[in-house]
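Okay, structure first, notes after.
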Amino acid sequence: MSWQDLVITIPDYPKAGIQFKDITPLLADGQGFSAAIEEMAQFCLQDGIRPDVLACPEARGFIFASALAQRLGIGFIPLRKPGKLPRPVAQAVYDLEYGQDILEVHRDDVKAGMRILMVDDVLATGGTMSACIQLLQSLQAEVVGAAFLLEIEALAGRQKLPDIPVLSLIKN
């Protein structure tokens, strides 16, 4: 059994027609989780990518970004929901299917020219990740790529990330 088999499909959750991908069995398996992080690390270590730091929107992606940052020996910048960060922030407002959402980052955590790789658990529509990239670029950072555990290809989120290398360990 490969580590990818540890991601379980739960039909009709949270509602009929949804094929929910449960990552908790992967997280609970030390060897499987380590293997997934190692594959992400190898992507990050490629020439042309090699980030100075990782960044990730909250919340589940924090699990992968933290482990990957530790493996690479680099830092991790969280992009949070409004009101969670105590120092001056920059923010991105972005559209959801039914409304808008906001992400914030501490302004002084992002330096001009900093090479940042985005990390998250799932690439779906790409809206959140696109907003994250625009936010970091507005602070003069260079987004050098994005790594995801899982990509839902039918939602075409990769199309919103056309200018950077993208790794998806599991495509669905």
Is the shortest side-chain heavy-atom distance between [X] and [Y] below 4.5 Å?
X    : Y    : answer
I133 : D163 : no
F76  : V119 : no
Q46  : P165 : no
S34  : R71  : no
I37  : Q70  : no

Answer with yes or no whether the hydrophobic clustering places [X] together with [Y]; edges join I, L, V, M, F, W, Y residues whose side-chain heavy atoms lie under 4.5 Å apart.
X    : Y    : result
I77  : F64  : no
I74  : V144 : yes
L136 : L117 : no
M129 : L167 : no
V166 : L79  : yes

If you measure from [atom1] on [X] to [atom2] on [Y], what distance do you get to the nearest 0.5 Å?
X    : Y    : atom1 : atom2 : answer
D109 : L139 : CG    : CG    : 10.0 Å
I170 : E39  : CD1   : CD    : 9.0 Å
I8   : K21  : CD1   : NZ    : 10.5 Å
E58  : E104 : CD    : CD    : 10.0 Å
C44  : I49  : SG    : CD1   : 7.0 Å
Y94  : L103 : OH    : CG    : 4.0 Å

Check against side-chain contact (heavy atoms from CB on, under 4.5 Å), I102 and Q100
CA-CA 7 Å; I102 300 171; Q100 292 186 320; over 6 Å; no

Intermediate values then yes/no, side-chain contact (heavy atoms from CB on, under 4.5 Å), S168 and E153:
CA-CA 10 Å; S168 298; E153 292 179 294; over 6 Å; no

Quick one: does any side-chain atom of S130 pair with a main-chain N or O of G126 as donor and acceptor, under 3.5 Å?
no

Examine distances only and state if a side-chain atom of K111 and a backbone atom of D108 form a donor-acceptor pair shorter than 3.5 Å.
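Yes, because the side chain of K111 sits within donor-acceptor range (under 3.5 Å) of the backbone of D108.
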
Is any NZ, NE, NH1 or NH2 atom of the basic residue among R115 and E142 found under 4.0 Å from an Asp or Glu carboxylate oxygen of the other?
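Yes.
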
Considering all heavy atoms of both residues, which atom of [X] and which atom of [Y] are nearest to each other, and what is their separation?
X    : Y    : answer
I116 : A141 : CD1-CB, 3.6 Å
V110 : M114 : CA-SD, 4.2 Å
F33  : A67  : CZ-CB, 3.8 Å
A36  : L149 : CB-CD1, 4.3 Å
F62  : P78  : CZ-CB, 3.6 Å
A131 : A92  : O-CB, 3.8 Å

Is it true that, when you exclude [X] itself, more than 12 heavy atoms of the residues, nucleotides or ligands shown sit nearer than 6.0 Å to its [atom1]?
X    : atom1 : result
Q31  : CD    : no
Q159 : CD    : no
Y13  : OH    : no

Residue among L155, L150, V7, V122 satisfying side-chain contact (heavy atoms from CB on, under 4.5 Å) with N172:
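With N172 as partner, side-chain contact (heavy atoms from CB on, under 4.5 Å) holds for just one option, L150.
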
